[in-house]
**Q** 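Handing you a structure now.
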Amino acid sequence: MSDAPAVKKKFSEKGLEFIDWLLGRYPNKQAALLPVLRLAEEEFGNIDNDSVMLVAETLELSPGYVWGVLTFYTHYRREGDGKYLLQVCSTLPCALRGCRDIQHRLEEKLGIEAGETTEDGLFTLKKVECLGSCDTAPVVQVNEKYHENLDIEELDKLLETLRG
Ligand code: FES
């Protein structure tokens, strides 16, 4: 009998089909890690320790390796992240177009700093590297959606909308 901890989560049937499809398109299981992490995020809402164990087991990787990759990338929703994950691009093109003002405004309005979550669990703020939309700088990604060419006024409206 194995000493490895039991994996508590399971991918859905549709998720397993997607993984099979992926594995037919990548040279090996390790190469499919990023999309499988994304699938776990979509199916479970965020990636916690159980999700890491499931992904590791599914792809026959060590949990430590999966954690290492997960923590290298900022764009996965992690356990404890708020309902809205706000990722503010801080790379040069966005910096030249005011991302620091955006970041400061968010810190001021939310009362948190980058890497923190509001007490009501609504917002997590992260400062990230290039989001790949430099021509529409400055950019803030809210969950899956990009908000581009943002100014302070639009940012305030966005927060109001998200607060509902
Ligand atoms: S520098 Fe901000 S999206 Fe590329």
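Ligands are counted one by one from 1 in listed order, and the atoms in each one are counted from 1 as well. For this chain, numbers begin at 1 and follow the sequence in order. Since the structure is predicted, the reported quantities are computational estimates derived from the model, not experimental observations.
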**Q** Looking at residues at least two apart in the chain, or sitting in another chain, which of them share a salt bridge (Lys or Arg N to Asp or Glu O under 4.0 Å) with Glu60?
**A**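 For Glu60 the salt bridge (Lys or Arg N to Asp or Glu O under 4.0 Å) partners, ignoring immediate neighbours, are Lys29.
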
**Q** Identify whether the distance between the nearest side-chain nitrogen and carboxylate oxygen of Lys157 and Glu160 falls below 4.0 Å.
**A** no

**Q** What protein N/O/S atoms lie closer than 2.8 Å to atom 2 (Fe) of ligand 1?
**A** Cys89 SG, Cys94 SG

**Q** Give me the ring orientation class for Tyr76 and Tyr73: parallel if the planes are under 30° apart, tilted from 30 to 60°, perpendicular past 60°.
**A** perpendicular

**Q** Sequence neighbours left out, what pairs pass ring pair (Phe, Tyr, Trp, His ring centres under 6.0 Å) with at least one residue falling in residues 108-132?
**A**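 Residue pairs with at least one partner in residues 108-132: Tyr84-Phe123.
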
**Q** For Leu96, what are the other residues in its hydrophobic cluster, where any two members join if their side-chain heavy atoms are less than 4.5 angstrom apart?
**A**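 Members other than Leu96 - counting any ILVMFWY side chain reachable under 4.5 Å - are Leu92.
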
**Q** Between Glu43 and Ser12, do the side chains contain an N or O donor and an N or O acceptor separated by less than 3.5 Å?
**A**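 Yes, a side-chain donor-acceptor pair sits under 3.5 Å.
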
